[in-house]
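Working notes for the structure below.
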Amino acid sequence: MKQCEHFDVVIVGGGISGGIMAQQLGAEGKRVLVLEAGADTGKTFSGYQKYMSTFFTNLIKIPNSPFPQNLNAPQPLVTDVSKIAEGKPSTNGYFVQRGPLPFSSTYTRALGGTTLHWLGTCLRMLPEDFKIKTHFGHGLDWPINYDDLKPYYEKAEFGIGVAGDADEQNYHNIDNPAVHIPFKSDSSQDYDYPMEKIPQSYLDNEMHKGLEGMTVNLSGKDYPVDVVSTPQGRNGMPRGNFRPRGAVGNPDLGQRCEGNSNCVPICPVQAKYNALKTLDDAIATGNVEIRSQSVAFNLEVDPSTNQISKVHYKKYQSPDSPDYHCETVSGTVVVLASHAVENAKLMLASNVGNSSGLVGCNLMDHPTMLTWGLMPENIGAFRGPGSTSGIPSLRGGEFRKDHAAFRIEIGNWGWNWPTGAPIATVPDLIDEKNLYGEQLKAHIAATYPRMFRFGFLVEQLPSVNNRVTIDPAYKDRLGNYRPVIDYDVNDYTRAGMAAAKRVSDQIFQRLGVEQYTQYDESQPGYVTYQGEGYSYNGAGHLVGTHIMGSSKENSVVNANQQSWDHPNLYLVGCGNMPTISTSNPTLTMAALTYWAADNVKKALQN
Amino acid sequence: MNLGDFYQLSAILTGYDEARLQGSGVGETYYEVLTTLIPSHILTQLQDTFCTIEALPKKALDSELRKQILANAMLGPVARNILKMWYTSIWYPMPTAWSKIYAVPNQSEQKYQDVEFIISDDAYIQGLAWEAVHSHPMGAKQPGYATWSFTPHDIASATAKRNPAK
């Protein structure tokens with residue numbers, strides 16, 4: 001019988017958290033194996049260009065359109081999302097959705113993970129976000145606080161390569177102390193991001209002027225509406241000795257953002273960070289091996305030590321064929337970094353780490369409500385990174401006792417998200433508005449550059465009823481479980497959506513924006529609150545399926561991100577986050593992963 | 001329909017001149033898609049109709065083009081498909097009602113079928129919709145770092161006209 005190969009660390013998942021872990025431990029001389037379920041097409045630049053070509057000719061421009069569906073490691077798609085009839089799960093796509101509402105977010109199963117199609121937003125959490133149970137009586141407290149994570153935020157901002165100005169991102173100019181984020185401390189007086197902020201769009205600057213001095217009333221108190229640049233994992237002008245990292249396999253390319261206006265679903269030049277870069281750094285340590293097309297399906301426990309003794313995976317030769325064979329490896333430490341949903345699925349399938357009964361529970365997202373309209377003047381829509389500014393001043397405050405907080409994202413791509421404009425909407429101008437020639441051209445020039453949209457990323461609370469489970473009735477082509485999802489959006493979040501819509505309406509009135517927002521019952525994410533209808537979309541922010549907490553009864557991992565049940569098992573990724581609050585989770589997840597890597601280093605020394 | 005007439009008709013339909021259309025480099029592919037899928041007797045009729053009106057003055061041309069081509073039950077859907085190819089880079093399947101009456105588009109095992117598809121990578125990049133928006137195709141023809149913060153060009157040129165000294 002073949003000897004089981006042993007590594008210091010076996011990491012399941014080749015995305016950003018797996019990449020950080022591999023790079024950090026490889027650099028310490030540890031022998032690391034990364035098992036990636038998907039294909040590794042993007043690891044060479046020519047492979048990455050195939051993604052571009054797939055994107056160009058794909059009729060459906062969704063976040064996963066450049067990344068072909070792989071039936072051996074399937075991924076959820078936005079186009080799978082539909083309304084769910086009671087008692088009749090929706091099985092259109094990879095997810096089995098039991099509702100009552102559809103979970104609308106997706107992720108990518110390929111080397112590099114979902115950072116291949118992320119936007120790159122790198123916001124820190126607010127200090128109050130770590131203790132919302134204590135402050136507002138809702139949700140959960142984290143077992144750590146902002147100050148604990150702060151040095152790791154700095155590491156993550158350098159690891160990803162974030163462009164931003166600390167003097168803006170501390171929000172100290174916003175007249176709402178609840179959102180202030182301390183950047184400086186005794187240890188880091190002069191801290192600033194590795195690159196200067198990405199220039200704000202013409203729209204951002206117009207909006208900033210138009211909203212100057214505006215306030216809105218939430219729960220009886222006035223709050224400012226301030227436009228602030230957004231920190232982004234996108235190459236800009238470097239500070240000091242920092243050198244931006246270009247494309248993997250073509251490092252001269254992508255040293256600066258070139259304005260391709262395509263961050264989601266794919267940056268053609270990799271000026272936007274993706275985890276292929278960190279994985280490439282990991283390989284350069286000489287101690288890291290990546291095995292792609294290797295789907296971990298079972299973790300074996302040694303009953304005498306409670307350690308994870310073996311990782312079993314299915315190795316397939318081609319995404320086009322269902323043929324595979326089983327392999328087994330072992331690690332002194334095993335790290336699950338395969339995504340919130342996939343981590344939970346693997347633990348449930350292996351029946352490990354679940355003494356709390358909370359594996360898979362507390363699935364969260366940012367239900368994202370869009371509003372859109374026509375600006376009175378040309379604002380140069382469809383240019384630049386997807387978003388370069390937002391309105392962060394309503395991310396925190398006492399109103400969180402009554403309803404969800406939200407961050408407002410200012411979109412630079414007109415109505416591309418809500419309507420698919422311009423490509424998806426031009427046929428209507430031809431077929432129904434009966435335009436052609438000069439008239440058609442003039443109509444587009446007069447309206448499309450005025451198209452504008454907001455995205456409201458509304459906070460969702462953890463709930464044990466929103467969860468990922470498995471069911472032997474639902475398996476993929478390799479015989480692995482498909483995630484079964486129960487999901488709902490409660491009144492706390494719906495009330496946040498209602499408040500967000502009121503804020504949007506006030507802004508539209510103030511700026512003279514012609515309202516085109518439409519919510520109707522046919523939309524899968526349609527919900528009502530106090531008689532009014534709203535629709536949400538997925539943000540792609542899948543959080544909280546194996547949360548960290550203060551005890552083995554209330555959580556799956558401890559503050560070190562170590563399983564309460566198995567001393568050599570670490571979990572990383574957004575699944576560890578007990579609450580989602582209002583920041584896009586990747587930066588916080590990366591910071592947590594740098595922390596987890598330090599903990600694994602210490603564990604390996606002992 | 002010959003290629004030259006195809007470009008001339010396309011220029012009227014799109015509002016972009018022939019040189020601009022030829023410069024896109026994808027016109028011949030669009031012509032190939034069109035002539036593969038739409039039976040030639042229909043294209044001949046489209047060409048013949050167009051040739052009788054193309055020399056008319058602008059206003060009369062518009063009126064006759066609408067009357068004789070766009071509002072013509074057989075020719076209208078074909079002309080609109082040509083226009084959509086140029087703007088969106090997509091071939092849309094001919095309407096079922098049209099196919100029932102006039103002709104079944106070629107559906108044999110050849111390079112193109114009468115289904116919805118993006119004609120090519122290049123076609124996506126050359127879609128006129130992006131130019132009409134005064135931007136660039138998402139994912140290509142990148143305008144460069146920080147250009148998104150510039151004043152949109154029509155506002156910039158209007159300001160320049162108002163303040164010639166600047």
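Letters A, B, ... are given to chains in the order of the sequence lines, protein chains preceding strands, and every chain is numbered from 1. Source: prediction; values computed, not measured. Values reported hereafter were calculated over all heavy atoms of this structure, with side chains retained and with hydrogens, waters and symmetry mates removed.
Between B:R80 and A:D431 there is a side-chain heavy-atom pair separated by less than 4.5 Å. The closest side-chain heavy-atom distance from B:L65 to A:Y436 is below 4.5 Å. Contact check for B:W148 versus A:C257: side-chain heavy atoms found under the 4.5 Å cut-off.
Only the side chain of B:I125 comes within less than 4.5 Å of a heavy atom of chain A; its backbone N, CA, C and O stay farther away. At a 4.5 Å heavy-atom cutoff, the contact between A:E377 and chain B is made by side-chain atoms alone. Heavy-atom distances place the backbone of A:L435, and not its side chain, under 4.5 Å from chain B. Only the side chain of A:M52 comes within less than 4.5 Å of a heavy atom in chain B; its backbone stays farther off. With a 4.5 angstrom heavy-atom cutoff, B:I90 touches chain A only via side-chain atoms. Only the backbone of B:S120 comes within contact range of chain A, judged by heavy atoms closer than 4.5 Å. Residue contact with chain B, scored on non-hydrogen atoms closer than 4.5 Å, is absent for A:D204. With a threshold of 4.5 angstrom between heavy atoms, A:Q200 approaches chain B through N, CA, C or O but not through any side-chain atom. For A:I266, no part lies under 4.5 angstrom from a heavy atom of chain B. Neither the backbone nor the side chain of A:T447 comes within less than 4.5 Å of any heavy atom of chain B. Heavy atoms of B:P137 lying under 4.5 Å from chain A belong exclusively to its backbone. For B:D62, the parts sitting under 4.5 Å from any heavy atom of chain A are the backbone and the side chain alike.
The minimum heavy-atom distance linking A:A445 with B:H134 is given by the pair CB-CE1, 3.8 Å. In this structure, B:T14 and A:K441 approach most closely via the heavy-atom pair O-CD, 4.3 Å. Contact record, B:V133 with A:P449: O-CG, 3.4 Å, taken as the closest heavy-atom pair. Between B:D121 and A:S53, the shortest heavy-atom contact is OD2-OG, 2.9 Å. Annotation for B:A129 and A:P422: closest pair CB-CB, 4.3 Å, computed over non-hydrogen atoms.
Heavy-atom pairs under 4.5 Å with chain B peak, among A:M451, A:E206, A:E438, at A:E438. Of the listed residues B:E131, B:H136, B:K141, the one with more heavy-atom pairs under 4.5 angstrom with chain A than any other is B:H136. Looking only at heavy-atom pairs under 4.5 Å with chain B, the residue among A:N416, A:V269, A:N235 that has the most is A:N416. Chain B forms more heavy-atom pairs under 4.5 Å with one residue of A:P427, A:A421, A:A442 than with any other, namely A:P427. Listed options B:Y92, B:W86, B:Y87 were ranked by heavy-atom pairs under 4.5 angstrom with chain A; first place goes to B:Y87. Your options are A:I198, A:N412, A:N205, and the one with the most heavy-atom pairs under 4.5 Å with chain B is A:I198.
Of all residues spanning residues 60-67 of chain A, those with a heavy atom less than 4.5 Å away from chain B's heavy atoms are A:K61, arranged by number.
A distance of 8.5 Å separates CZ of B:F150 from CZ of A:R383, quoted to the nearest 0.5 Å. Note that CD of B:E116 is 5.0 Å distant from CG of A:L59, once rounded to the nearest 0.5 Å. One distance of note links CD1 of A:I423 with OG1 of B:T88; it measures 5.5 Å at 0.5 Å rounding.
Judged by distance alone, the side chain of A:R256 and the main-chain N or O of B:A146 form no donor-acceptor pair under 3.5 Å. Put simply, the side chain of B:S149 never gets that close to the backbone of A:P199: no donor and acceptor are under 3.5 Å apart.
Heavy atoms of other residues, nucleotides or ligands lying less than 6.0 angstrom from CD of B:E28 number 12 at most.
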Let me see the working for A:N434 and B:L70 under side-chain contact (heavy atoms from CB on, under 4.5 Å), right down to the final yes or no.
CA-CA 9 Å; A:N434 297 323; B:L70 294 174; over 6 Å; no

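Between B:Y124 and A:F56, the angle of the ring planes lies from 30° to 60°, which puts this pair in the tilted group.
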